[in-house]
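Beneath this line is the structure, given in C-alpha cells, with notes to follow.
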Amino acid sequence: QVQLVESGGGLVQAGGSLRLSCAASGRTFSSYVMGWFRQAPGKEREFLITINRSGSSTYYAGSVKGRFTISRDNAKNAVYLQMNSLKPEDTAVYYCAGSTSFTGTNYPDAYNYWGQGTQVTVSS
C-alpha cells in the first residue's frame, strides 16, 4: 500500500512557475509508475505526465509538453512536477498517482493510488 501526499500548490500569476511535490510512504515506491493528473471544476480528470519506475522515461500530454517536467527521486520516495509558463487554463486541482500497470498509464483507471490533490490557481 502506498500513501501519496501532494504539496506546493498555490496562487501564481500567468507566466509564473510552481513546483509540486508528491511524497510517498512505503518501501516499494520504485516499483510504481508515477503520474500527474489535474481536474478543473466541471471537467473530467485530465492526464498530464507520467514517469517510469527508474525515472529514465517520461510521457507528456500535448497540452503541457515543453512547459511541465516530471522527475522522481526513488531514494526520497518523491515525485515532482515543475510547471513553467503557467496559464489561467492550468487552474485545477493537481493529483499525483501511482500505478502498478505496465501499459495505459495515461489513463486514470491504470492508477492504484492517488493523493488528495493540491490546488493550483493561475491568475491572468
Side-chain angles (χ1 to χ4, degrees):
Q1 186 107 11
V2 174
Q3 291 187 328
L4 304 173
V5 180
E6 302 95 337
S7 61
L11 175 64
V12 63
Q13 288 189 332
S17 298
L18 278 177
R19 187 188 192 218
L20 305 184
S21 299
C22 175
S25 65
R27 299 182 178 182
T28 60
F29 176 73
S30 61
S31 67
Y32 295 94
V33 169
M34 297 300 297
W36 285 94
F37 292 75
R38 68 186 179 191
Q39 189 165 19
K43 294 189 177 182
E44 293 186 352
R45 192 163 294 191
E46 175 190 9
F47 166 76
L48 298 177
I49 198 166
T50 187
I51 189 167
N52 69 349
R53 291 163 174 81
S54 67
S56 63
S57 178
T58 59
Y59 179 73
Y60 297 77
S63 59
V64 303
K65 195 167 187 177
R67 299 191 299 127
F68 291 10
T69 304
I70 190 172
S71 61
R72 68 188 295 164
D73 186 336
N74 286 341
K76 294 183 178 180
N77 280 12
V79 63
Y80 308 99
L81 180 65
Q82 178 66 43
M83 305 186 293
N84 299 327
S85 301
L86 283 163
K87 306 174 183 179
E89 52 263 44
D90 293 318
T91 295
V93 177
Y94 283 68
Y95 298 90
C96 73
S99 173
T100 58
S101 179
F102 287 87
T103 60
T105 52
N106 53 326
Y107 295 97
D109 287 350
Y111 289 81
N112 311 85
Y113 305 104
W114 292 84
Q116 82 290 350
T118 186
Q119 177 71 46
V120 172
T121 303
V122 184
S123 63
S124 57

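Contact between N77 and G26 at its shortest, heavy atoms only, is ND2-O, 2.6 Å. When every heavy atom of V5 is checked against every heavy atom of Q116, the shortest pair comes out as CA-OE1, 3.7 Å. Of all heavy-atom pairs spanning S54 and N74, the tightest one is CA-ND2, 4.3 Å. The two residues G55 and N52 have their closest heavy-atom pair at N-OD1, 2.9 Å. In terms of heavy atoms, A14 sits closest to P88 at CB-CD, 4.1 Å.
Contact of the V2 side chain with the T28 side chain is registered, since non-hydrogen atoms from C-beta on lie closer than 4.5 Å. Using a 4.5 Å heavy-atom cutoff, the side chains of V79 and I70 are in contact. Within the 4.5 Å cutoff, no side-chain heavy atoms of E6 are placed close to those of Y94.
If you run side-chain contact (heavy atoms from CB on, under 4.5 Å) between L18 and each of V122, D90, T121, V120, only V120 comes through.
With sequence neighbours excluded, the residues that form a side-chain contact (heavy atoms from CB on, under 4.5 Å) with S7 are S21.
Side-chain contact, S63 with E46: a donor N or O sits under 3.5 Å from an acceptor N or O.
The cluster map of Ile, Leu, Val, Met, Phe, Trp and Tyr, joined by side-chain heavy atoms under 4.5 Å apart, puts L86 and L20 in the same cluster. Follow the hydrophobic side-chain contacts under 4.5 Å out from L81 and you reach L4 in the same cluster. Put simply, M34 and Y60 are part of the same group of oily side chains (I, L, V, M, F, W, Y) that touch within less than 4.5 Å, one to the next.
Stacking of R53 on the aromatic ring of F102 is recorded, both the 6.0 Å distance cut-off and the 45° axial limit being met.
Within the structure, ring-ring contact (aromatic ring centres under 6.0 Å, His included) pairs that include any residue of residues 17-53 comprise Y32-Y113, F37-F47, F37-Y111, F37-W114, F47-Y59 (at least two apart or interchain).
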